[in-house]
Amino acid sequence: MSAPGLYVHVPFCARACPYCDFDFQVGRTPPVAEFLAALERECRLREVEPGLGLRTVYIGGGTPSMLGPEGMRQLLRWIGERFDLREVVERTVELNPEHIDEALLDALREQGVDRVSLGVQSLGTDALAELGRVHRAEQARRALVSCVEHGLRVSADLIVGWPGQTRAQLLADLAGVLETGIDHLSIYALTVEPGTPWERLAARGRRGVPDADAQADRLSEAAQFLGEAGFEHYEVASYCRPGARAQHNHGYWTWRDYLGLGPSAASARHCADGSVHRRTNRRGFGAWAAAPNDETSEERLEPGEAAVEGLWVGLRALDGFEVAAWRARFPVYDEPWLRAAVARQLAKGNLDWTNGVIRVAEGRWLWHDEIGADLLTAG
């Protein structure tokens, strides 16, 4: 079995963003000692092998930077003591711009972090207010520059397609973040999730809702702008300068195993017969910390189910996937079955199959969800 990626969910935020349905707890002072003790307890209860070798480490949330320099140092030390990091190719931590200072960045570098992902979302004052973000535009610019100057590989998250966003506002955001010297962007269309404050406010007419056509326009404009700036569009929502792909996230699209720790964190293990065992931890910091191994959601995808899911997951990477690699990972189906499964999307021009590689056809990446929904009926 290849070394898995590790994801640690840090479930603390200073405030709730109105569009977010992630698992988090709002408060000023994260209980770091309790969190670390629960992580260790989860590992023991799940019998996670001490010294397990990892390929990547990703600390997300929530807002990991709320742990502060010392809390982050303690978490990273625990990971280093609990796992074998000698073969790790990337260590990423998510940060919010308002938390970034010299002490935090020094702590990250000291503990071997080489990549950070910043939740910028926009550099527009009105947009930041609409999205419920704490930081200011200039604060985000300074944070990006500081991370670059500390020798970190830097990714910025942007949200596009919020109600009323214009092409000019989008291009200003893109130009502003590229000026800071970052090498990676993740771009997401605003989604109003059920049960979020945004949904409730929209129902009362106090917030707008995204327009799907406008969102498609903004996503296409972003792809064109970034392509002209020399960025590679390598995954549906991801762009980078040459050589700066996010290795941890890329592992998801190439069917690598991953281990998730913390409340609501997910894990996946691929078995030799092509089946996949998945596990999702219970939500809520308090409930998870009290009993990290209780009320988890576990499922086993049978080989056929896993193979079908592997098709659309593999197509998130815009390079596509090698048919031989897919068949090695999911050996239940042969090539004639695969040709039949993708026939409709090939005929529509949404997929391309050339030299043993299947990929989303040029210019058709906005249709990824439609392609995936069709492929999921193949089983």
Side-chain angles (χ1 to χ4, degrees), residues 160-161 186-194 210-224 226-227 232-239 245-246 249-258 266 268 270-278 299-379:
V160 306
S186 294
I187 297 183
Y188 305 103
L190 176 66
T191 302
V192 177
E193 299 290 351
D211 176 86
D213 290 337
Q215 287 191 325
D217 288 342
R218 299 295 87 81
L219 289 168
S220 295
E221 291 157 1
Q224 180 179 351
L226 292 169
E232 172 192 14
H233 190 185
Y234 74 94
E235 186 267 332
V236 171
S238 303
Y239 301 79
R245 294 186 179 193
N249 290 343
H250 199 57
Y252 296 136
W253 321 135
T254 52
W255 319 304
R256 287 184 172 272
D257 292 354
Y258 50 92
H270 294 77
C271 304
D273 66 351
S275 64
V276 176
H277 180 267
R278 288 199 298 228
E299 64 174 332
R300 181 182 185 271
L301 291 183
E302 296 299 328
E305 297 175 287
V308 171
E309 183 178 277
L311 292 178
W312 70 266
V313 169
L315 289 169
R316 281 199 68 95
L318 297 186
D319 287 345
F321 61 86
E322 294 184 357
V323 171
W326 175 82
R327 291 195 60 204
R329 175 58 90 180
F330 307 105
V332 67
Y333 290 132
D334 58 15
E335 187 167 317
W337 180 93
L338 179 58
R339 287 195 176 276
V342 301
R344 284 192 298 270
Q345 294 303 316
L346 286 170
K348 288 184 175 183
N350 288 336
L351 290 181
D352 173 78
W353 186 333
T354 304
N355 297 326
V357 174
I358 301 177
R359 60 172 60 85
V360 174
E362 185 72 23
R364 296 300 183 95
W365 60 276
L366 283 172
W367 281 263
H368 180 270
D369 287 347
E370 175 191 319
I371 297 166
D374 184 40
L375 293 179
L376 286 174
T377 69

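These numbers come from the heavy atoms of this one structure, side chains and all, not from hydrogens, waters or symmetry mates. None of the values given here were measured: they were computed from a predicted structure. Residue numbers run from 1 in the order of the sequence given.
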Note to self: If I compare all heavy atoms of G274 with all of A306, which pair ends up nearest, and what's the gap?
What the structure shows: O-CB, 3.2 Å
Item checked: Close side-chain approach of W255 and V276, heavy atoms under 4.5 Å -> no
Next item on the list: For Y252, enumerate each residue passing the ring-ring contact (aromatic ring centres under 6.0 Å, His included) test, keeping only those at least two apart in sequence or located in another chain.
Entry: H248, Y258
Check: Rounded to the nearest 0.5 Å, how far apart are CD1 of I358 and CG of L375?
Finding: 9.0 Å
Margin query: Rounded to the nearest 0.5 Å, what separates atom CG in L226 from atom CD1 in I187?
Written below: 5.0 Å
Check: Do T191 and P210 have side-chain heavy atoms sitting under 4.5 Å apart?
Finding: no
Checklist line | Lys/Arg cation over aromatic W337: R327, 6.0 Å, 45° cone | finding: no
Next item on the list: Would you check if the side chain of T377 reaches a backbone N or O of D374 as a donor-acceptor pair within less than 3.5 Å?
Entry: yes
Checklist line | Contacts of E309 that satisfy side chain to side chain donor-acceptor pair (under 3.5 Å) - sequence neighbours left out | finding: R278
Margin query: Tell me whether the rings of W326 and F330 are parallel (<30°), tilted (30 to 60°) or perpendicular (>60°).
Written below: tilted
Note to self: How long is the straight-line distance from CD1 of I371 back to CG of L366, given to the nearest 0.5 Å?
What the structure shows: 10.0 Å
Notebook entry, point to check: What are the two closest non-hydrogen atoms of L346 and L351, and how far apart are they?
Noted result: CD2-O, 3.5 Å
Next item on the list: Could you check V323 against E335 for side chain to side chain contact (heavy atoms under 4.5 Å, CB included), going step by step and ending with a plain yes or no?
Entry: CA-CA 8 Å; V323 171; E335 187 167 317; 4.2 Å; yes
Checklist line | side-chain contact (heavy atoms from CB on, under 4.5 Å) partners for D273, two or more places apart | finding: C271, S275, R300, P303
Notebook entry, point to check: Taking atom CD of E299 as the centre, does the number of heavy atoms from other residues, nucleotides or ligands within less than 6.0 Å exceed 12?
Noted result: yes
Checklist line | side chain to side chain donor-acceptor pair (under 3.5 Å) involving R364 - partner list, sequence neighbours excluded | finding: N350
Item checked: Heavy-atom pair of closest approach, residues D211 and A214 -> OD2-N, 2.7 Å
Item checked: Partners meeting ring-ring contact (aromatic ring centres under 6.0 Å, His included) with H233 (sequence neighbours left out) -> Y239, W365
Next item on the list: Mind checking side-chain contact (heavy atoms from CB on, under 4.5 Å) for E235 and listing every partner two or more places apart, or none if nothing turns up?
Entry: A237, S238, W253, R316
Item checked: Heavy-atom closest pair, residues A307 and Y333 -> CB-CD1, 3.8 Å
Item checked: For W367, ring-ring contact (aromatic ring centres under 6.0 Å, His included) partners two or more places apart -> none
Notebook entry, point to check: Which distance, rounded to the nearest 0.5 Å, do you find between the CG of L311 and the CD of Q345?
Noted result: 11.5 Å
Margin query: Testing the basics here: between E221 and R218, what is the closest heavy-atom pair and its distance to 0.1 Å?
Written below: OE1-NE, 2.7 Å
Notebook entry, point to check: Looking at CG of L219 and CD of Q224, how far apart are the two atoms once the value is rounded to the nearest 0.5 Å?
Noted result: 13.0 Å
Next item on the list: Please list, chain by chain and in numerical order, all residues satisfying side chain to side chain donor-acceptor pair (under 3.5 Å) with Y234, sequence neighbours excluded.
Entry: H184
Check: side chain to side chain donor-acceptor pair (under 3.5 Å) with N249: which residues, sequence neighbours excluded?
Finding: none
Margin query: Which residues pass the side-chain contact (heavy atoms from CB on, under 4.5 Å) test with V357, not counting sequence neighbours?
Written below: E322, R359
Next item on the list: Not counting sequence neighbours, which residues clear side-chain contact (heavy atoms from CB on, under 4.5 Å) with T254? List them please.
Entry: H250, R256
Note to self: Between W312 (side chain only) and L376 (backbone N and O only), is there a donor and an acceptor less than 3.5 Å apart?
What the structure shows: no
